[in-house]
Structure formats: C-alpha cells, structure tokens
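Throughout, numbering of the chain's residues begins at 1 and tracks the sequence.
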Amino acid sequence: PTPTGSIGTMVSGANITPTVNNTQYNVTALAESANVDAPTGVPADGHKLTIRIIDDGNAQTLTWDPIYTVIGTTLPTTTLRST
C-alpha cells in the first residue's frame, strides 16, 4: 500500500500504535509512560513514518518495539518538555 500522506493523532495512552497508512503520527499530550508498538498495516518499500510525541508537561518514559529502524540518531527513552 502507498502511504496517504495523512497525519494520525492521539492524545495519550499507555500504547501508541501508529498506522503505516499515515506518514506522520502525533501524540499531543502524553500523560503516562508508553510503549510505542509496531505500526499496523503493511508498509511500502521506502515508506517513512514520523512519530511526534509531546508530553503533558511532565517527562514520560518511552519503550520502543524493536521493529523501528533509526538512522543517524537514537530513539528517546523519555520525553523532555522544553520551556
């Protein structure tokens, strides 16, 4: 399947499960520690998925499914609210 270029959004939850039908997935006010689960769906070759996580003003712990491939950086293990 070809990604639609759409943006998926959730507010908060212990499990963050993006879909590969989106090119970006936003978490807008994470209020608890969360597991970032493998995306649902079947990705197309070369498909990129950006996951943006903003906490509720308090740092939250993040655990990532091993399916995620990161290039040139490391996955964050906590959120960090900038002031």
Side-chain angles (χ1 to χ4, degrees):
T2 302
T4 62
S6 63
I7 297 174
T9 302
M10 68 178 280
V11 176
S12 185
N15 291 84
I16 299 168
T17 309
T19 175
V20 297
N21 292 333
N22 299 124
T23 56
Q24 183 171 316
Y25 195 79
N26 297 331
V27 181
T28 59
L30 186 64
E32 59 193 304
S33 296
N35 296 314
V36 184
D37 297 330
T40 60
V42 179
D45 188 30
H47 178 221
K48 294 179 189 177
L49 172 62
T50 300
I51 301 171
R52 295 184 64 222
I53 301 171
I54 299 172
D55 59 43
D56 65 349
N58 300 296
Q60 304 297 336
T61 302
L62 299 172
T63 305
W64 296 84
D65 187 280
I67 196 169
Y68 290 99
T69 301
V70 180
I71 300 169
T73 190
T74 58
L75 291 170
T77 56
T78 60
T79 61
L80 176 62
R81 179 66 117 176
S82 298
T83 55

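Closest of all the heavy-atom pairs between Gly13 and Ile16 is O-CG1, 4.3 Å. The two residues Ala31 and Ser12 make their nearest non-hydrogen contact at N-OG, 2.9 Å. When every heavy atom of Pro43 is checked against every heavy atom of Gly41, the shortest pair comes out as CD-O, 3.8 Å.
If you take CD1 on Ile7 and OG1 on Thr50, they are separated by 9.5 Å, rounding to the nearest 0.5 Å. Leu75 CG to Leu62 CG: the interatomic distance, rounded to the nearest 0.5 Å, is 9.0 Å. Note that the CG atom of Asp55 and the OG1 atom of Thr78 stand 9.0 Å from one another [nearest 0.5 Å]. The CD atom of Gln24 sits 10.0 Å away from the CD1 atom of Ile51 when rounded to the nearest 0.5 Å. Remark: Ile53 CD1 to Leu80 CG distance equals 13.0 Å, nearest 0.5 Å. Between the OG1 atom in Thr19 and the CG atom in Leu49 there is a gap of 8.5 Å [rounded to 0.5 Å].
The shortest distance between side-chain heavy atoms of Thr9 and Thr28 falls below 4.5 Å. Between Pro39 and Asn22, every side-chain heavy-atom pair lies at or beyond the 4.5 Å cut-off.
Under the 4.5 Å side-chain heavy-atom criterion for grouping Ile, Leu, Val, Met, Phe, Trp and Tyr, Ile67 is not connected to Val20 through any hydrophobic cluster. Tyr68 and Tyr25 end up in the same hydrophobic cluster when Ile, Leu, Val, Met, Phe, Trp and Tyr side chains are linked at under 4.5 Å.
Side-chain atoms of Trp64 come within 3.5 Å of backbone atoms of Pro76 as a donor-acceptor pair (strictly under, hydrogens ignored).
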